[in-house]
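Read through the structure below, which is laid out as structure tokens, and then see the notes.
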Number of protein chains: 2
Amino acid sequence: MSGLETRQLRYFVAVAEERHFGRAAERLGMAQPPLSRAIRDLERQLGVQLLIRTTRQVTLTSAGETLLADARVALDAVAAAEHRARHAGRPVPTLRLALKADYDAGLLPKIIDAYRTLPVELLLGGHGEQVPALRDGRADVALLPTPFDERGLDTEPLVTGPRLVALAAADPLAARTTVRLADLAGRRLPDGTPAETGRTQQPPANWRSRLDLSQIFNLVEVGNIVWFLPDWVARRFPRPNIAYRPVDGLEPTTLAVAWPAESRSPAVAAFVRTVKEIADTSFDDESSAAGQPAVR
Amino acid sequence: MSGLETRQLRYFVAVAEERHFGRAAERLGMAQPPLSRAIRDLERQLGVQLLIRTTRQVTLTSAGETLLADARVALDAVAAAEHRARHAGRPVPTLRLALKADYDAGLLPKIIDAYRTLPVELLLGGHGEQVPALRDGRADVALLPTPFDERGLDTEPLVTGPRLVALAAADPLAARTTVRLADLAGRRLPDGTPAETGRTQQPPANWRSRLDLSQIFNLVEVGNIVWFLPDWVARRFPRPNIAYRPVDGLEPTTLAVAWPAESRSPAVAAFVRTVKEIADTSFDDESSAAGQPAVR
DNA sequence: CCCGATTGATACCCTGGCGGTATGAGTGGT
DNA sequence: ACCACTCATACCGCCAGGGTATCAATCGGG
């Protein structure tokens, strides 16, 4: 009658994601029986079957699928309310900028220098952590490469450039001016996946690169390991023992600034304006990067 | 540590909106002391002062203002998860269409006839109830006149037309081909507000017209009462004793179809496509209504 | 200037919801 | 057929959250 509690949603999401009551209970730091009971009560309360349990597997009904999607959104919104309230209570207001280290295309110092509305607080995160940070209110604005899930976000493109592959200079492929994905057979990415897949699909959601760029460069220099990166990253890291080459069949990627769509914050609006101006002047207007020969 | 509960958000929203613990407690169906304690605990948990209490008044801090806004969207998201899950569990799937009675510009029968993807369930609501119904998951799609708060929604315009005033045919103003707002001095809307304000600002959020169009028409015919409505409504209700006249200084209004922005439902997409086609053919393409002489 | 009305805070109690443990029951694999 | 696995049931105990009584602070009126 009186509405769902976030606890119920958290429990359901845990079970739905794990598809296993025991593991879900462990993840939630509780015992399995009360979790089973909570889910049963949730189903009673909604009057809807969410899960199909056999003793061997747990699967979602279609109602369960829709609840899983909506519950994630709702939990993000609740977390956002909490984080933003916490932040709003701090004595000195700041703008929290989420970005991936080294993926600022060299704009960051100019941005910090030009943006004077608020002090900027940096949230350096791994790949794919910027969007969640925006969604759950830990960040006000983010700098990140496309593609990403834009739902609930507004974005503005800054710089576009082709994706390059970083090779050991000694690699035979370095003799070519351009390589195809298939040519990369035999090479691997730092995490072990074959390079010729081109990492077209995002790495699994739980994957986190624990390597920063310089560590990756070291691996690449030694050989047999390659790495993909936008040219607006590569051109900032020229290295004698590494060659960057454009890759046929990889989409170009764009550095974008993104922020919550419902944001009415003038500080964010001013930030976006500043960043856009800096990007436009730094890469004098239209995509100076796109289509140009690769660095090195 | 473990995150906010929706109960806490509901309590805070009640107090923040009422700006009074006693009334808020009454609205929540509980006593005042536990509510005071719950808010105090919430502030402790967040480490942020949300309210400034004197014994005479309660005001929001700026952190409280941001939490109020964010809590409303979070509560909507939670309610949406609940409503959509309930609906998804029903044996026969339907598309829930929210609209204001008589504000379909005559499209509704054609829509129902042409849209065969799912059975359509109508949610007839008063003015301003469509957007909340979309936000909290009671409706999948809505038909409603601009302007409205589009945050979180995607929209597609269907028909645009000027806003007319409905007058008694005997009213001296009916002799004119067009009237200005100031001319309406002395006349009143059915709810008693002076007509010359033009209802430029929306009626107060709690205002609900308990009158349907035919009741309003009866009042207008008797005289001294006027009513504003889009021409794409008026042209569907020609009446001998009522004159419709365009009003200088009122923006035209557009009938739009709207749906939750994050919706990935193919049924909604198909519905929007169908409605758009019907509107385009019914009003052969560009705004046949706009700029044309008013009905009658 | 004092007293009463108003309103939020404090103190204390008590109940039911939620989590824990022990155990049962169904099913698939060997 | 038996064992391992996994979810459900039964039962218990605690404390979070709501209720009642009362205090404290502030404003307004006579």
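A, B, ... follow the sequence lines: proteins, then strands. Residue 1 opens every chain.
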Exercise. How many Å lie between CG on L51(A) and P on dT6(D), as a whole number?
Worked result: 16 Å

For this session: Among the candidates dT20(D), dG19(C), dG17(D), find the nucleotide nearest to the side-chain atoms of P34(B).
Result: dT20(D)

Seminar exercise, completed: I52(A) atom CD1 is separated from dC7(D) atom P, nearest whole Å, by 14 Å

Problem set entry | Backbone of R151(B) reached by a side-chain donor or acceptor of R135(B) within 3.5 Å | yes

Exercise. Whole-Å distance between dG17(C) C1' and R40(A) CZ?
Worked result: 13 Å

Exercise. Separation of L42(B) atom CG from dA9(C) atom P, in whole Å?
Worked result: 13 Å

Problem set entry | Residues forming a side chain to side chain donor-acceptor pair (under 3.5 Å) with R7(B), sequence neighbours excluded | none

For this session: Let me know the distance between CZ of R37(B) and C1' of dG18(D), rounded to the nearest Å.
Result: 7 Å

For this session: Taking only heavy atoms on the protein side, list every residue of residues 5-25 of chain A lying under 4.0 Å from any atom of DNA chain D, sorted numerically.
Result: H20(A), F21(A), G22(A)

Problem set entry | Distance below 4.0 Å between R53(A) side-chain N/O and dA8(D) OP1 or OP2 | yes

Exercise. Atom CD of Q57(B) and atom P of dT26(D): how far apart are they, to the nearest Å?
Worked result: 13 Å

Exercise. Is the distance from OP1 or OP2 of dC7(D) to the nearest side-chain N or O of S36(A) less than 4.0 Å?
Worked result: no

Exercise. For every nucleotide of nucleotides 23-28 of chain C, 5' to 3': is a protein heavy atom under 4.0 Å from its base (B), only from its sugar-phosphate (S), or from neither (-)?
Worked result: ---BSS

Exercise. Checking S263(B) side chain against D140(B) main chain: does a donor-acceptor pair fall under 3.5 Å?
Worked result: no

Problem set entry | Shortest non-hydrogen contact between V226(B) and L189(B), atoms and distance | O-CD2, 3.3 Å

Exercise. Is the shortest distance from a Lys or Arg side-chain nitrogen in R72(A) or E17(A) to a carboxylate oxygen in the other one below 4.0 Å?
Worked result: yes

Problem set entry | Donor-acceptor under 3.5 Å (T61(A) side chain, Q49(A) main chain) | yes

For this session: State whether the side chain of Q32(B) and the backbone N or O of G22(B) hold a donor-acceptor pair below 3.5 Å, judged by distance alone.
Result: no

Seminar exercise, completed: Closest non-hydrogen contact found for A98(A) with A133(A) is CB-CB, 4.4 Å

Problem set entry | Main-chain N/O of H83(B) paired with H87(B) side-chain donor or acceptor, under 3.5 Å | no

